[in-house]
Number of protein chains: 2
Amino acid sequence: MKRGTFQLMKSVNKSIILNKIRTGEPISRAQIAKETTLTPPTVSSIVKELIEEGIVRESELGESKGGRKPTMLLINHSAFFVVGVDAGPNKIGCVLADLSGKIYERTSIPLQEITSNEQFLSILVESIRTILKRVDQKGNVIGIGVAMHGVVDVETGTSLVAPNLQLRDIPIKETLENEFQMVIKVENDARAMALGESWFGNHGSLNSMLAVNLGSGVGAGVVINGKLYHGAQDIAGEVGHMTIDMHGEVCECGNRGCLQTFATGSAIAEQAGVDSGEEVFRLANEGNEKYATILKETGAVIGVGLTNLIHIINPQVIVLGGGVAKSQKYILPSIQQTIEERGLTKAAKETKVVISNLGDDATLLGAVALLLVELFE
Amino acid sequence: MKRGTFQLMKSVNKSIILNKIRTGEPISRAQIAKETTLTPPTVSSIVKELIEEGIVRESELGESKGGRKPTMLLINHSAFFVVGVDAGPNKIGCVLADLSGKIYERTSIPLQEITSNEQFLSILVESIRTILKRVDQKGNVIGIGVAMHGVVDVETGTSLVAPNLQLRDIPIKETLENEFQMVIKVENDARAMALGESWFGNHGSLNSMLAVNLGSGVGAGVVINGKLYHGAQDIAGEVGHMTIDMHGEVCECGNRGCLQTFATGSAIAEQAGVDSGEEVFRLANEGNEKYATILKETGAVIGVGLTNLIHIINPQVIVLGGGVAKSQKYILPSIQQTIEERGLTKAAKETKVVISNLGDDATLLGAVALLLVELFE
DNA sequence: ACTTAATTAATTAAATTAAATAAGTGGTGA
DNA sequence: TCACCACTTATTTAATTTAATTAATTAAGT
């Protein structure tokens, strides 16, 4: 456990002030002091340091309230950059973003016939290298965040199980640290998505949020007080294989009635007898009632799964992302209706369910946010 | 957010030292310094305060390791007392316990035909008054913890919904504060049970634990880093109405296939065609295979629910309590087997599932622990 | 003579308090 | 109109305080 030292005292205050600026910019020293109950000298001295470090800058003076005009402070967003990586089952996407989540560069490399950890890692390294080449001031890149599908050991930064690639125990963090000499963070992709939505999704200031990725699989991440919840062995949030229909269809995992047997793109496609989930959405959009009904029914089942999660985790907001969420027009109303019907209490019934504001970038920005958490912590 | 002050610095160290003594007693000042990396003068001065406050005491000298003998420190367990209350659907149980969880006094009052909040509260007040009469040094009672069934607003200490009593919005904390002028903590009973197991259950030092109460209903509590997890509106852990069988039987809540339709005493009794869960257990114990099989099958269904919880929350250990857990002989093996079969990863499969060490006292001791958390925090 | 335990005295980090300085606004009377 | 003064608000400087760390000392052994 962290002991009480002068450094702790200071770092606590530094983080309070930095986050006050981040969430309230532009803001003056005096206002920070008022809102945090820290004294003006403390605020001034810490702000001085933050300015010296380059993370905060002064802007023009603000309006007078009957006295001296306040000097407004801003986060120096474009002073630092972060590389975010989304390592999905089919492709590796990379972005270069600044502290505000603004994306400056993008790359995307498809993954085909990957047969070894080395092969996967060399593609990963290559795509990061490509994006780093486009940065002018290399010194200002503070780190690389990787959102990896499957089960990830966050401590060691190892991908323990990457089911769609048929790989195990990929030493991502170790490899990237050796290659790039930067801070490396590795996280499960659904959890990264949750963090991305919580940082950049404009869902307001939340102390708990659940983000559910409805894509080729179903995964979830929980953010509590700005931090990701991992569970004891980093498998918390594996909601795709939550049993909701004990006597239902057999899932690829061998069990019956997992949420995944209803809620993935391919599950929907199979039920509709077409090639892909997108196809079902397209047909429904063309006015074909049959396909719209299939999507609505899928929404109802997703609602059952989400109601379970509400009763277990009780998040303030649930954010839905991934390909399936794109057919929100059909699924969202039936999801909400199901929760309204099945929720035990008023609070449960009223849990807000929204579609991701970030769309396909949620996971990438989540990978970016992995490093921002460190910076702003 | 708590700002960095000298008080914070000190209270952090005080809590570190106090907990080191609690979990490692008897222990010397020197050993505390070594294990916490605090310096000897810091440890000495804080220990001095703790002794003055009466919560820590010195005992005889320890063994020399080649130099001066260390003075050993202990928690002064019997210097303070706490009242713990278990307000279940059928009775109100009260205990007086010391800091080690040792129970000195007990009362139990049945609840019959409760029709108003006032009536419930007057019985509650009366049972606490009875137990307080038996204390010699009243000043040493540091507070009252109440474990209330149903949904509880922890901030205000209000019982929002007490389903089995048909009551709502019972102002427990307010009433007891006015009556007894002590610190009052109110918590949901399943969560209190979880805290009780985590403090007094001898499950080792855990950073996450899930306790599931299998009784007249099914509820759960999660302890993460020694603290209870509540969720956004204090309804986290309402696992009894987790849907595991979408097309199953209708539950009292109106939905189909809730865990509660399988796992409560009355559900088991109904399935077996006898009067109570206890009866089923008795018949199984008499060697009647039919009833043993029913219990085993119930265990398998509970296993499905627990596997869901493992994949969502991923606790280090799951502790089972409540009446149904008493038939562990029949249900525990099938629970464990089901988890082994259905778990997605090695970690999930190996999640430890154990039966409560505290039995019927788990909730009462959890109520006691609600105050100890404050004291040792 | 060497170890280990605990305390005392001096030093240091970083907060708070109190005071000073900086930079306004607004009113008043010549 | 504008110089001047009283009052605000913002920020910095100087002095004080808290509670840690470091270094040295005392206590009590083997």
| Stepwise side-chain contact (heavy atoms from CB on, under 4.5 Å) test for A/Leu96 and A/Val83 | CA-CA 5 Å; A/Leu96 180 77; A/Val83 176; 4.0 Å; yes
| field | Steps toward side-chain contact (heavy atoms from CB on, under 4.5 Å) verdict (B/Trp199, B/Val223) | value | CA-CA 10 Å; B/Trp199 271 73; B/Val223 182; over 6 Å; no
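Minimum heavy-atom separation, B/Arg191 to B/Ala236: NH1-O, 2.8 Å. Across A/Gly101 and A/Leu365, no two heavy atoms sit closer than the pair O-CD2, 3.5 Å. Considering every non-hydrogen atom in both A/Val95 and A/Leu364, the closest pair reads CG1-CD1, 3.8 Å. Closest of all the heavy-atom pairs between B/Asp153 and B/Glu155 is OD1-N, 3.0 Å.
Residues passing the salt bridge (charged side-chain N to carboxylate O under 4.0 Å, His left out) test with B/Glu179 are B/Arg129, sequence neighbours excluded. Residues satisfying the salt bridge (charged side-chain N to carboxylate O under 4.0 Å, His left out) test with A/Glu377, not counting sequence neighbours, are none. Under the rule for a side chain to side chain contact (heavy atoms under 4.5 Å, CB included), B/Ser45 has no partner lying at least two apart in sequence or in another chain. Taking B/Thr158 as the reference, B/Thr156 meet the side chain to side chain donor-acceptor pair (under 3.5 Å) condition, with sequence neighbours excluded. A/Glu174 meets the salt bridge (charged side-chain N to carboxylate O under 4.0 Å, His left out) test with no other residue; sequence neighbours excluded. Residues passing the side chain to side chain donor-acceptor pair (under 3.5 Å) test with B/Asp361, sequence neighbours excluded: B/Arg106.
For residues 63-74 of chain A, there are no salt bridge (charged side-chain N to carboxylate O under 4.0 Å, His left out) pairs, not counting sequence neighbours.
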| request: Treat primed atoms plus P, OP1 and OP2 as sugar-phosphate and everything else as base, then score nucleotides 19-28 of chain C 5' to 3': B for base contact with protein heavy atoms under 4.0 Å, S for sugar-phosphate contact only, - for none. | output: ---BBBS---
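Recorded end-axis angle for the helix from C/dA1-D/dT30 to C/dA30-D/dT1 stands at 20°, based on five pairs per end and rounded to 10 degrees.
In this model, no donor atom of one side chain and acceptor atom of the other lie less than 3.5 Å apart for A/Arg3 and B/Thr36.
If you check residues 15-45 of chain B against DNA chain D, the residues with a heavy atom closer than 4.0 Å are B/Thr39, B/Pro41, B/Thr42, listed by number. For the segment residues 3-13 of chain B, residues with any heavy atom less than 4.0 angstrom from an atom of DNA chain D are, sorted by number, B/Phe6, B/Met9, B/Lys10, B/Asn13.
Salt-bridge formation is not detected for the pair A/Arg57/A/Glu25: no Lys NZ or Arg NE/NH1/NH2 atom is positioned less than 4.0 Å from an Asp or Glu carboxylate oxygen.
For DNA chain D, the contact window with chain B, defined by any atom under 4.0 Å from a protein heavy atom, covers D/dT18 to D/dT30 in 5' to 3' order.
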